[in-house]
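To start, the structure under review is shown below, and the notes come after it.
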Amino acid sequence: MLYLLQFACLILMLISAFFIAVTRIHVRWTNRRYEYSRWMISSALLLMAAHFFLQMHYGFRATSTYLGAVINIMVYQPCFTLFAMAIYNVEATHTKRRKMNLICAAVYAAMLAAFAVGYSFSGSLNIGAWLYVMLALFLGNIVYCIYMIIIEMNKRKKLLETMTATDMLPFIRYARASIAMLSLIAISMPFAILSTKLLYVVGPLGLLITLF
């Protein structure tokens, strides 16, 4: 069951990355910020695909839930940050994007430091309570990114309503639905990392949300 779920994730990540990359061909007038976002999402999807391939090949999660949790956190954090930055890159100014980049990089550095300390004490990937420190940093990064995206999204909504006379309600509803689903899967992800049973519920749900 776990192997099939990982295989489905691998295929969907590769297909999604392919479609996002191919749509670049159909863009008549390119925008640098949108293209940055395109390649950040593609990179995140390819990184996830590589992660699922390695999970299938070496069986980290199948061998030990604890071992799989450590590896998942270290991969999911930069992938989620790339997704979040791709959205934020479209919405925010250059100064704010740089600040968010620095904060997310600092959080990941702190996560790697926690892993290094835990590994030095235990001598293995079973780092004990330091896993929960990494998980707390991961969850904090998720909450921070989503909060910043919502703030900029509301600012963009007001700007669009001021500048255009057309009905922007469909766009606003789509944007809000997308961020709501991203928030749902991102917040449930830390719990699925620690529980294989929860993973069987969150995993398929995450695939549907990613496809959307």
Side-chain angles (χ1 to χ4, degrees), residues 1-17 40-87 103-146 181-211:
M1 179 68 177
L2 180 62
Y3 186 87
L4 292 177
L5 178 59
Q6 291 170 344
F7 180 72
C9 291
L10 169 64
I11 297 301
L12 183 62
M13 296 302 111
L14 290 175
I15 291 174
S16 300
M40 279 192 283
I41 293 175
S42 297
S43 299
L45 290 169
L46 290 175
L47 181 58
M48 290 288 288
H51 167 68
F52 290 124
F53 175 78
L54 293 176
Q55 286 277 17
M56 292 169 60
H57 185 71
Y58 293 104
F60 298 123
R61 187 67 182 251
T63 302
S64 168
T65 301
Y66 201 93
L67 174 61
V70 172
I71 295 174
N72 285 345
I73 292 173
M74 295 180 68
V75 175
Y76 289 163
Q77 201 275 345
C79 289
F80 175 81
T81 300
L82 283 171
F83 279 120
M85 286 306 306
I87 300 171
I103 291 176
C104 290
V107 171
Y108 193 57
M111 184 183 294
L112 293 177
F115 171 76
V117 172
Y119 185 82
S120 65
F121 280 132
S122 64
S124 68
L125 292 178
N126 187 2
I127 58 177
W130 288 99
L131 171 62
Y132 298 99
V133 175
M134 295 175 63
L135 197 62
L137 289 168
F138 178 45
L139 187 58
N141 184 74
I142 288 174
V143 173
Y144 168 75
C145 289
I146 291 174
M181 289 192 295
L182 178 65
S183 303
L184 174 65
I185 190 61
I187 292 174
S188 61
M189 193 182 297
F191 303 100
I193 287 174
L194 294 176
S195 171
T196 303
K197 291 181 179 179
L198 259 178
L199 179 64
Y200 292 140
V201 178
V202 176
L205 179 63
L207 289 179
L208 291 174
I209 290 174
T210 303
L211 183 62

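The minimum heavy-atom distance between A129 and Y66, with the atom names listed, is N-OH, 4.3 Å. For the pair V202 and S188, the tightest heavy-atom approach, listed with the atom from each and the gap, is CG1-OG, 3.6 Å. A pairwise comparison of heavy atoms in A17 and L46 identifies CB-CD2, 3.9 Å as the closest pair. Here the closest non-hydrogen pair linking C145 and A84 is CB-CB, 3.7 Å. Between W130 and G118, the closest heavy-atom pair is CD1-CA, 3.5 Å. The shortest heavy-atom contact between A192 and L198 is CA-CB, 4.1 Å.
A donor-acceptor pair under 3.5 Å is absent between the side-chain atoms of Y76 and the main chain of M48, judged by distance alone. Side-chain atoms of S195 never come within 3.5 Å of backbone atoms of F191 as a donor-acceptor pair (strictly under, hydrogens ignored). A donor-acceptor pair under 3.5 Å is absent between the side-chain atoms of R61 and the main chain of M56, judged by distance alone.
A 4.5 Å side-chain heavy-atom check between I193 and F138 finds at least one atom pair inside the cut-off. Residues V133 and I127 fail the side-chain proximity criterion, which asks for heavy atoms closer than 4.5 Å. With contacts defined as side-chain heavy-atom distances shorter than 4.5 Å, the pair V107/T81 does not qualify. Looking only at side-chain heavy atoms (C-beta outward), Q77 and M134 stay at 4.5 Å or farther from each other. In this structure, L2 and L199 have side chains that are in contact, with non-hydrogen atoms separated by less than 4.5 Å.
With values rounded to the nearest 0.5 angstrom, L45 atom CG is found 9.5 Å from L82 atom CG. If you take SG on C79 and CE on M189, they are separated by 9.0 Å, rounding to the nearest 0.5 Å.
Surrounding OH of Y200 are more than 12 heavy atoms belonging to other residues, nucleotides or ligands, all under 6.0 Å away. Within 6.0 Å of the CZ atom in F53, the count of heavy atoms belonging to other residues, nucleotides or ligands does not exceed 12. Within 6.0 Å of atom OH in Y119, 12 or fewer heavy atoms from other residues, nucleotides or ligands are found, so the atom counts as exposed in its surroundings. The neighbour count for Y144 OH, taken as heavy atoms of other residues, nucleotides or ligands under 6.0 Å away, is above 12.
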task: Could you go through the side-chain contact (heavy atoms from CB on, under 4.5 Å) check for L194 and L131 one step at a time?
output: CA-CA 10 Å; L194 294 176; L131 171 62; 3.9 Å; yes
Please set out all donor-acceptor pairs under 3.5 angstrom arising from side-chain atoms of residues 7-14, sequence neighbours excluded.
none

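When each of V70, I71, N72 is paired with F60, the side-chain contact (heavy atoms from CB on, under 4.5 Å) condition holds for I71 and for no other.
By the ring-ring contact (aromatic ring centres under 6.0 Å, His included) test, F80 is found to be paired with no residue, residues two or more places apart in sequence or in another chain being considered.
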